[in-house]
Amino acid sequence: MDPVLNPYRPGAGRRPPVLAGRGPLLDSFTVVQRRAAEYGEGDRGWVLNGLRGVGKTVLLNEMQSQASARGWITAKVEATAGTPLSTALSHALVSSMRTATGRHPVPKLKRLLGVFKAFSLKFNPVTGGLALGADVDLVSGVADSGRFADDLSALFETLGETSRELGIGTLILVDELQEATKDELTAVNTAVHHLGQDPEPLPVTFVGAGLPSLPAQLADATSYAERLYDYRPVGLLSEEAAEAALVGPSLQLDVPWNDGAVARAMDIARGYPYFLQAVGKHVWDAARGPSIEIDDVEIGGELARREVDEGLYRSRWERATPAQKELLRALGDIGGEEPAVIGELVSATGKRRVSDLSVARNELIKKGLVYAPERGLLAFTVPGMSDFIARQP
Ligand SMILES: Nc1ncnc2c1ncn2[C@@H]1O[C@H](COP(=O)(O)OP(=O)(O)OP(=O)(O)O)[C@@H](O)[C@H]1O
Ligand SMILES: [Mg+2]
């Protein structure tokens with residue numbers, strides 16, 4: 001069928017035509033937005049943790065666009081090893097501040113702009129002096145000590161006070177939060193903790209997204225993090241949701257899937273959101289129409305598998321050294337899609353002690369191929385990796 005009309009969106013952070021299975025999470029977010037707007041009150045911070053390609057970034061984008069549509073102050077950043085989180089945040093808030101000055105009465109924003117400017121000059125000297133869309137009198141001594149934890153707390157507080165006065169909220173989103181340093185995680189925890197101390201918490205919502213190791217990393221930074229956040233694991237889609245993700249987009253274009261075709265496609269994609277989009281895309285391109293039949297799925301499914309193999313799994317596999325590959329293979333054999341116990345990996349690789357595996361294990365964690373869901377366990381960060389490895393000679 002016409003590839004120009006193809007509705008499926010395999011990739012990273014690309015909004016799927018049907019955002020399937022995330023209704024409950026988005027409903028809770030609606031509650032957060034209404035509490036902020038109607039009562040000026042904020043929620044706990046949220047953590048969205050899940051494997052690669054399950055749809056975390058898509059959810060952050062959706063939350064940001066909903067909050068922006070309500071006139072909220074929002075900032076979304078991606079933590080990366082190269083850029084301090086403080087700089088990235090200050091940078092992302094600049095455009096939000098400029099939008100705010102166009103939307104809300106400037107006198108009510110004066111203090112926030114002044115505090116933000118001082119914060120920016122401290123942490124983002126290059127662009128910290130950028131115009132914010134209104135005349136700003138620097139407010140010094142609030143969020144410019146240079147200690148990120150204190151300054152972030154003070155900035156969140158000022159954002160919250162201003163938001164409450166304006167009848168809006170502030171939404172701070174950090175993607176790939178597992179990449180932040182321990183000091184940065186401590187600062188984030190401190191600032192979110194500080195917000196929550198008020199009997200009527202200010203309407204600032206922090207949402208961090210990252211790999212399944214993120215909750216443990218946050219707890220490692222400050223032990224109270226376990227109770228600080230509302231942890232919302234983002235997982236594979238249920239059967240019903242996977243079907244909606246596959247069938248919904250083409251039905252919107254009046255192209256139905258025959259029952260056998262849907263079942264076969266679901267079998268291939270196994271509820272993995274990225275894979276569902278890839279299957280949908282290739283099946284659509286392979287189909288002659290007017291409906292989608294099982295042989296379209298056989299052809300498209302194979303092409304999708306190849307795309308996912310090359311785009312997702314192969315580069316990860318090839319980045320591994322022979323010793324690391326041996327460990328990955330053992331992990332696939334023993335754990336499959338589930339975590340494996342390190343002790344069993346030791347015997348499966350013919351080693352004697354856990355420490356014999358630690359170099360390979362640590363390197364693979366650093367490369368982002370595996371993570372430790374708990375002490376003594378190891379698992380893949382990408383769904384379907386064990387399947388791929390089993391197919392490698
Ligand atoms: N709920 C959903 N329904 C259907 N498709 C989805 C859903 N969520 C995400 N997708 C699709 O899955 C793919 C991956 O989404 P996204 O990039 O948000 O994942 P991620 O969890 O952020 O991955 P990573 O950890 O690699 O950053 C995209 O092609 C997106 O369109
Ligand atoms: Mg992402």
Side-chain angles (χ1 to χ4, degrees), residues 6-29 46-66 76-81 88 173-180 207-215 217 231-252 257 262 265-266 268-284 304-305 307-308 310-316 319 365 367-371 373 379-385 388:
N6 196 319
Y8 298 94
R9 298 282 178 271
R14 299 179 74 200
R15 193 187 199 293
V18 173
L19 183 54
R22 307 302 186 209
L25 190 143
L26 291 171
D27 286 346
S28 323
F29 187 60
W46 284 21
V47 171
L48 311 185
N49 49 312
L51 299 174
R52 290 270 166 225
V54 292
K56 303 177 295 295
T57 301
V58 159
L59 281 169
L60 293 188
N61 291 342
E62 174 64 23
M63 292 162 110
Q64 185 177 28
S65 74
Q66 287 189 12
K76 175 168 170 264
V77 303
E78 192 177 305
T80 51
L173 307 143
V174 184
D175 205 355
E176 304 286 349
L177 187 55
Q178 81 282 342
E179 295 297 322
V207 183
L211 292 178
S213 53
L214 181 56
Q217 284 174 275
Y231 291 93
R232 304 271 177 151
V234 181
L236 300 182
L237 298 182
S238 67
E239 205 155 309
E240 197 186 339
E243 182 166 344
L246 268 179
V247 175
S250 65
L251 261 188
Q252 289 171 356
W257 289 59
V262 182
M266 302 237 300
I268 297 173
R270 297 196 199 163
Y272 180 24
Y274 168 53
F275 208 173
L276 282 162
Q277 296 301 323
V279 168
K281 170 176 169 263
H282 286 285
V283 168
W284 173 281
R305 187 188 302 285
E307 175 178 317
V308 175
E310 297 313 314
L312 195 65
Y313 304 124
R314 180 154 328 271
S315 60
R316 290 187 156 73
R319 264 186 288 153
I365 290 179
K367 288 178 181 170
L369 270 80
V370 301
Y371 72 102
F380 291 113
T381 56
V382 193
M385 188 79 198
F388 171 82

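Only a predicted model underlies this, so the values are computations on that prediction, with no experimental measurement involved. All ligand and atom numbering here is 1-based and tracks the order in the structure.
For ligand 1, the polar-atom distance check against Ala12 finds no nitrogen or oxygen pair separated by under 3.5 Å. In terms of polar-atom proximity, defined here as any N/O pair under 3.5 Å, Val58 does make such a contact with ligand 1. The distance criterion of under 3.5 Å between nitrogen or oxygen atoms is not met by Leu211 with respect to ligand 1. Considering backbone and side-chain atoms together, Gly55 places an N or O closer than 3.5 Å to an N or O of ligand 1.
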request  = Would you check, one step at a time, whether the test side-chain contact (heavy atoms from CB on, under 4.5 Å) holds for Phe29 with Glu62?
outcome  = CA-CA 10 Å; Phe29 187 60; Glu62 174 64 23; over 6 Å; no
request  = List the steps and the verdict of side-chain contact (heavy atoms from CB on, under 4.5 Å) for Arg270 and Leu236.
outcome  = CA-CA 8 Å; Arg270 297 196 199 163; Leu236 300 182; 5.8 Å; no
Stepwise side chain to side chain donor-acceptor pair (under 3.5 Å) check, Ser250 with Trp284 = CA-CA 8 Å; Ser250 65; Trp284 173 281; over 6 Å; no
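Scanning Tyr272, Tyr8, Tyr274 for the heavy atom closest to atom 12 (O) of ligand 1 points to Tyr274. Nearest-residue assignment for atom 22 (O) of ligand 1 (options Leu25, Leu276, Thr57, Leu48; heavy-atom criterion): Thr57.
Within the listing of ligand 1, atoms 4 (C) sit less than 4.0 angstrom from a heavy atom of Ala245. Listed by number with element, the atoms of ligand 1 under 4.0 angstrom from any heavy atom of Glu176 are 27 (O). Ligand-side atoms of ligand 1 in range of Leu19: 1 (N), 2 (C), range being under 4.0 angstrom from any heavy atom. Taking every non-hydrogen atom of Pro10 and a distance limit under 4.0 Å, the qualifying atoms of ligand 1 come out as 29 (O). Residue Arg22 approaches ligand 1 through these ligand atoms, each under 4.0 Å from one of its heavy atoms: 1 (N). The atoms of ligand 1 that sit less than 4.0 Å from any heavy atom of Arg14 are 28 (C), 30 (C), 31 (O).
A salt bridge links Lys281 with Glu307: the distance from a Lys NZ or Arg NE/NH1/NH2 to an Asp or Glu carboxylate oxygen falls below 4.0 Å. The existence of a salt bridge linking Glu176 and Arg52 is confirmed by a sub-4.0 Å separation between a basic side-chain nitrogen and an acidic carboxylate oxygen.
Heavy-atom distances between Gly21 and ligand 1 stay at or above 4.0 Å for every pair. Residue Val18 places a heavy atom less than 4.0 Å from ligand 1. At least one heavy atom of Gly13 sits under 4.0 Å from some atom of ligand 1.
Proximity of Lys56 to ligand 1, defined as any heavy-atom pair under 4.0 Å, is shared by backbone and side chain alike. Within the 4.0 Å heavy-atom criterion, both parts of Pro273, backbone and side chain, lie near ligand 1. Both the backbone and the side chain of Arg52 come within contact range of ligand 1, each with a heavy atom under 4.0 Å.
The only member of Val207, Leu25, Leu59, Val47 that meets side chain to side chain contact (heavy atoms under 4.5 Å, CB included) when paired with Arg232 is Leu25.
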